[in-house]
2 protein chains.
Amino acid sequence: MHSKRIYFYTTNTIGKVDKMKLNTKTRYGVRTMIELAMDWGGKGLLQKEISESQGISYKYLDHIISALKARGLIVNVEGKKSGYRLTRNPEEITVYDIYKAFEPELLIVDCLVHDGKCTNERYCASNELWCELNTIIVKYLKSYRLKELADKQMQMNMDSAGSVYVI
Amino acid sequence: MHSKRIYFYTTNTIGKVDKMKLNTKTRYGVRTMIELAMDWGGKGLLQKEISESQGISYKYLDHIISALKARGLIVNVEGKKSGYRLTRNPEEITVYDIYKAFEPELLIVDCLVHDGKCTNERYCASNELWCELNTIIVKYLKSYRLKELADKQMQMNMDSAGSVYVI
DNA sequence: ATTAATCCTATATTTACAGTAGGTTATAAA
DNA sequence: TTTATAACCTACTGTAAATATAGGATTAAT
């Protein structure tokens, strides 16, 4: 699943990019949420159904769903076997909400704190740079709403029946 | 150096954030480049000097410098012991240029290609989302020039002598 | 020739991610 | 009330990249 490393000095120095990479749980989480958003107002979806339509391992989906539930984003309609549904309107759920179900905080460098302000007393030009970038990313994820994603997906599902997720 | 894991289900599911993180080499690379930018038009800086002023291990800096050289961003002024200097005006070097010295490409998810277009034939709403975010990040890094960083750093170094980098 | 800076290879260590396995509990249906 | 099935939870493993460090070879200045 992983591509070849690229080295300078024949070894070391430059590795395959694994940082600045979104984790799979967040990706899967978003896809799961899109699926549930498309069912918004419907009968609810079973883990099995989500697993099959999304091509995510049933067992692995356990963890995804657990995190989404723990974060209060989804819930069982009524007891088991009734399926899951969103707790809020997809319009009111941002991608950042979903991200936060899988990561404590988005910090592209460690010495930035929650609100995007730096903890260091001393001045550091690069810190300012990364801090700004961090803010931009979070702002984007907060601006993107689940509804938009579900709408796009639904539209395209109608246009070409049988389309498949790949991410 | 690493903070505690946070678990749901008591184990697994959520790990310490290691994704969506800038790698240290890029961070060090930027700091190295700031240092050289502040010396722009000067006598050149030795690896030892950069190592000391930045608090980066001399040996580790080997790899940083190697990558920057391989990328053509820096060069020895003339032979050894003459010090390194930038090959271009800091005004013409973007942070993305530096990033590219350490990572083949910035791709927050694997199924995006260089120009920000998706490789998949099938439509995928989340792909579009990540693709846009990727573009935003790259755009920001391309817009930020080394000169700005060096200027800020120089200004603050003058304001408070003896300031120290932390990132 | 000596010194020292650069240049290069190899290797160690850590640890989070990604994923699997195996089980218990709850609930709906038979 | 038995059975089937879905949800729920814990534990564990394999892998691979990141983050270094060590040691030496090469080159150039003095």
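Chain naming here is simple, since letters A, B, ... match the order of the sequence lines and numbering starts at 1 in each.
- The side chain of A/T24 places an N or O atom within less than 4.0 Å of a non-bridging phosphate oxygen (OP1 or OP2) of C/dA18.
- Distance CG (A/L68) to C1' (D/dC9): 16 Å, rounded to an integer number of Å.
- No side-chain donor-acceptor contact under 3.5 Å links B/N76 and B/K81.
- Distance A/Y28 OH to C/dA18 C1': 8 Å, rounded to the nearest Å.
- At C/dT20, one or more side-chain N or O atoms of A/S57 fall inside 4.0 Å of OP1 or OP2 (strictly under the cut-off).
- Between the side chain of B/S53 and the main chain of B/E49, a donor-acceptor pair closer than 3.5 Å is present.
- Two residues, A/Y84 and B/L22, neighbour DNA chain D, and the one matched to the more 5' nucleotide by heavy-atom proximity is A/Y84.
- Atom CG in B/N76 sits about 13 Å away from atom P in C/dA5, given to the nearest Å.
- A donor-acceptor contact shorter than 3.5 Å is absent between the side chain of B/K48 and the backbone of B/Y58.
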Reading nucleotides 23-30 of chain D 5' to 3', which nucleotides get B (base under 4.0 Å from a protein heavy atom), which S (sugar-phosphate only), which -?
BB-BBSS-
Between A/D159 and A/Q155, does the side chain to side chain donor-acceptor pair (under 3.5 Å) criterion hold? Intermediate values first, please.
CA-CA 6 Å; A/D159 289 1; A/Q155 185 57 48; 3.2 Å; yes
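- Rounded to whole angstrom, the span from the CG atom of B/L61 across to the P atom of D/dT21 amounts to 12 Å.
- Between the side chain of B/E148 and the main chain of B/R145, a donor-acceptor pair closer than 3.5 Å is present.
- Rounding to whole angstrom units, OH of residue B/Y58 and P of C/dC8 are separated by 14 Å.
- For the pair A/K19 and D/dT19, the criterion of a side-chain N or O lying under 4.0 Å from OP1 or OP2 is met.
- In this structure, the CE atom of A/M20 is 15 Å from the C1' atom of D/dA18, given to the nearest Å.
- Between the C1' atom of D/dA6 and the CG atom of A/L46 lies a distance of 7 Å, rounded to the nearest Å.
- Between D/dA6 and A/Q47, no contact under 4.0 Å exists linking OP1 or OP2 to a side-chain N or O.
- Rounded to whole Å, the distance from NZ on A/K48 to P on D/dA7 is 10 Å.
- B/L146 and B/Y140 fall within the same hydrophobic cluster, where Ile, Leu, Val, Met, Phe, Trp and Tyr residues are linked whenever their side-chain heavy atoms come under 4.5 Å apart, directly or through other members.
- Pairs engaging residues 89-98 of chain B under the side-chain hydrogen bond (donor to acceptor under 3.5 Å, both in side chains) rule: B/T94-B/D97, B/Y96-B/E105 [sequence neighbours left out].
- Of the candidate nucleotides C/dT20, D/dA17, C/dT6, C/dT20 has the atom lying nearest to any side-chain atom of A/H63.
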